[in-house]
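In what follows, a structure is listed as structure tokens, so that the remarks can point back to it.
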Amino acid sequence: MPTTTPSRPLTVLLALCLCATPALAADLTLPLNTWVKLSPLTNTPPSPRLGYEGACAWDSARQVLLRYGGHNQGGGGEQHSETWTFDPRTARWNLKEPNTLPPGICCGQQNVFDPVQNRYLRFPSFSGSHGWQWWREIYLNDSSVWSYDLAENKWRNLRPVPTAQPRPLRCAAWDSDHAVVVLFGGETSSEGTLVYDPWENTWTRKKPARQPEFRSGGNMAYDSLRQLHILFGSQFSNDPHTWAYSLRSNAWFDLQPPTLPPTDKNDAVLAFDPFAGQTLALVRVSEGKEENAKSHLETWALDAGKNTWTKMNPTPEPPTSGSRARNLVFAPELNAFLLENRTHPPSGPAEQQIWAYRLSERKPTPAATSPLPPPRPQPRIIEDIVVSVLTPKQIELTWKKSPAPDLAGYHVERARVEVATEDQLKRLKKQTPPLAEPSVGAITRIGPFTRLTTTPLPDATFTDTTVDLSQPQPFTETPLYERKLHPDQFDPAGRTYRFAVFAYRVRAVNTRGELSGPSAAELTIPSAPQSLFAREAGTTCQLKWTANPERALRGYRVYRMDGRYDKDAIPRLTPEPLRETTYTDPAAGKPTRRFHLVAVDALGQEGFPSAPVWYQRDWQSFYQPFASEWHQ
């Protein structure tokens with residue numbers, strides 16, 4: 001393994017390291033075993049200087065880095081849900097303003113890109129603990145999986161049922177041989193080894209005979225040459241092991257290499273290079289105690305075939321950054337590792353740095369850059385279901401047609417749902433006086449699904465006339481999904497919901513009778529309004545949005561967050577639903593605020609909250625190069 005600088009003139013090497021001109025070339029020209037800074041530099045486009053604890057993945061279809069979540073530019077501010085791309089060839093950042101967004105998060109490492117469907121997969125992390133978030137949005141919208149399609153600029157809440165509970169600071173990696181995500185650990189997690197299949201929208205608890213100790217932090221990378229998931233590192237503990245997991249045999253084992261990188265609280269980040277056949281790890285090494293502690297980063301490479309770790313000793317290493325401040329991915333089309341490194345004083349400047357590193361000169365091959373997924377006989381899951389409540393006894397469903405070439409039709413399923421109201425949830429009614437007939441504030445249980453169709457439907461539509469929403473019904477089934485609310489959050493004296501609530505799923509079936517996995521579970525309350533944008537006009541806030549797809553809506557209500565914290569009010573600005581898709585708040589004033597929107601259906605039910613939009617946001621100057629007059 002190379003541990004010395006490449007055989008290049010020193011002046012060229014310094015130019016590469018200090019000004020990163022290769023980033024602006026058609027492809028990255030990188031010396032071996034050298035970290036090259038791509039951004040921010042004096043000759044590169046501006047950086048948004050996003051905070052730490054976001055989650056990055058490489059989009060192999062568009063060949064950009066996808067970046068989601070984390071804190072604001074000040075460090076530990078609100079938990080973002082912003083979606084950004086970074087092009088390593090041009091060092092250009094782009095802010096994506098999509099149809100909607102999941103609830104904001106921090107500690108969101110190791111979200112994963114699905115190269116089969118070209119989707120970024122977002123799993124939950126910490127939300128609601130740094131302000132500027134509405135608990136109603138978190139309660140209702142924070143499901144176990146969301147996906148983002150960069151080509152459509154569209155987020156989808158996949159809401160799989162039954163579900164798992166992936167936790168923040170988990171370890172996760174895409175398994176290219178099985179076309180699934182393998183997840184392990186996470187802060188406060190006891191779920192063990194999980195598998196999420198995006199083609200079927202299903203979770204599986206693998207329950208292997210032996211597992212590593214649960215942990216916060218560390219990373220996982222998939223060694224596709226040996227079909228092993230490599231897990232290494234931890235944020236708060238010392239785990240002197242290099243773990244490998246085989247999904248095929250559902251077995252974990254300790255590789256026991258003769259040498260290890262430093263393991264004590266090393267907050268490691270990992271990625272696998274299929275050309276070099278090695279897993280790169282960047283570990284944080286701390287020496288000393290408390291205020292006298294000093295840290296630095298070290299680059300190591302694992303060859304699982306030889307079962308050896310090698311310290312790479314690049315000169316220099318990337319500058320020191322704190323815990324949870326690094327993301328590492330491998331871009332096979334560029335034959336380069338990309339590192340997001342969020343530095344801050346006193347160890348370095350306040351920067352959101354992007355670095356590149358090349359381990360091997362081996363050229364990318366089509367098989368390595370675009371691995372073929374295993375064939376799937378069943379159709380993909382159905383997407384974009386719309387549930388329109390026309391009357392208490394007439395529910396209309398429509399959905400996006402399946403692209404399966406051998407499609408025979410569709411089946412529709414229904415399940416009973418138990419909810420908690422805004423009057424039963426202490427956090428909600430503390431900030432907003434509930435309506436006279438309180439709205440849904442959280443989903444607490446979803447029962448088993450029953451098929452409503454006896455033969456496949458030929459068209460992408462269905463009307464359910466065997467349902468009755470007019471009276472709430474007792475929940476007697478064993479739930480497929482259950483959310484237990486802590487007594488500090490739930491008021492048993494609060495008013496219950498006045499309607500019955502149901503969930504629907506749609507499955508495609510092909511001519512061989514093979515069913516797709518279950519779609520997202522969609523409820524008999526309106527979906528979240530989309531494409532909400534705001535514009536400042538002096539001390540007035542102007543809002544606009546796209547109309548909801550449901551039929552027979554009464555309109556929309558606007559909610560305004562008047563401050564960052566749970567003590568601050570969230571007034572309902574429109575007592576009666578608006579028919580229009582615009583609204584002006586002349587009393588917005590000068591302070592920072594956020595606005596949410598909910599749709600109201602024919603029965604008067606409020607639905608899922610929209611993603612919020614900012615008014616007079618903090619750190620506004622960082623967004624001026626990226627956002628327009630109308631913004632999210």
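Computed from heavy atoms alone, side chains included, the values below leave out hydrogens, waters and symmetry copies.
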When rounded to the nearest 0.5 angstrom, what distance separates [atom1] in [X] from [atom2] in [Y]?
| X | Y | atom1 | atom2 | result |
| --- | --- | --- | --- | --- |
| Q110 | L169 | CD | CG | 10.0 Å |
| I105 | F123 | CD1 | CZ | 12.0 Å |
| Q632 | T100 | CD | OG1 | 8.0 Å |
| T455 | L457 | OG1 | CG | 7.0 Å |
| R495 | E437 | CZ | CD | 7.5 Å |

Within the side chain of [X], is there an N or O that forms a donor-acceptor pair under 3.5 Å with the backbone of [Y]?
| X | Y | value |
| --- | --- | --- |
| S388 | L390 | no |
| D175 | V182 | no |
| E514 | R376 | no |
| E422 | L435 | yes |

Quiz prompt | Sole residue of L597, L101, N548, T546 in side chain to side chain contact (heavy atoms under 4.5 Å, CB included) with Q530 | solution = T546

Practice problem: Give me the one residue out of V600, L523, I525 that meets side chain to side chain contact (heavy atoms under 4.5 Å, CB included) with Q605. | Solution: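 Only one option passes, and that is I525.
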
When you compare the side chains of [X] and [Y], does any donor N or O come within less than 3.5 Å of an acceptor on the partner?
| X | Y | answer |
| --- | --- | --- |
| R535 | Q542 | yes |
| D149 | Y120 | no |
| H80 | E78 | yes |
| N111 | R170 | yes |
| S527 | E522 | no |
| D468 | S470 | yes |
| S610 | W545 | no |
| D585 | Y615 | no |
| R136 | T432 | no |
| Q431 | Y559 | no |
| T444 | E418 | yes |

Does this structure show an ion pair linking [X] with [Y], if we count only N-O contacts that are shorter than 4.0 Å?
| X | Y | result |
| --- | --- | --- |
| E137 | R594 | no |
| R483 | D142 | no |
| D566 | K430 | no |

Exercise: identify the closest heavy-atom pair between [X] and [Y]:
| X | Y | result |
| --- | --- | --- |
| R119 | S147 | NH1-OG, 3.8 Å |
| G538 | Q616 | O-NE2, 3.8 Å |
| N201 | A520 | ND2-N, 3.8 Å |

Quiz prompt | More than 12 heavy atoms of other groups within 6.0 Å of E413 CD | solution = yes

Exercise. Count the heavy atoms belonging to other residues, nucleotides or ligands that lie under 6.0 Å from CZ of R62, then report whether that count exceeds 12.
Key: yes

Quiz item: When the ring centroid of Y623 is compared with that of W614, is the distance short of 6.0 Å?
Solution: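 Centroid separation for Y623 and W614: 6.0 Å or greater.
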
Practice problem: Give a yes or no on whether the ring-centroid distance for Y68 and W155 is below 6.0 angstrom. | Solution: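 Here the rings of W155 and Y68 have centres that are less than 6.0 Å from each other.
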
Practice problem: Go through the steps to decide whether N141 and R159 satisfy the test side chain to side chain donor-acceptor pair (under 3.5 Å), and finish with yes or no. | Solution: CA-CA 9 Å; N141 294 356; R159 202 179 289 116; 5.3 Å; no

Practice problem: Before giving the answer on side-chain contact (heavy atoms from CB on, under 4.5 Å), spell out for L150 and V64 the whole-Å C-alpha distance, their side-chain angles and the decisive distance to 0.1 Å. | Solution: CA-CA 10 Å; L150 178 58; V64 293; 3.8 Å; yes

Exercise. Apply the test side chain to side chain donor-acceptor pair (under 3.5 Å) to residues W203 and S144: give CA-CA distance (whole Å), side-chain angles for both, the deciding distance (0.1 Å), then the verdict.
Key: CA-CA 10 Å; W203 284 100; S144 65; 2.9 Å; yes

Quiz item: Does R414 count as lying over the ring of F502, i.e. NZ or CZ under 6.0 Å from the six-ring centre, within 45 degrees of the axis?
Solution: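 Positive - R414 is close enough to the ring of F502 and near enough to its axis.
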
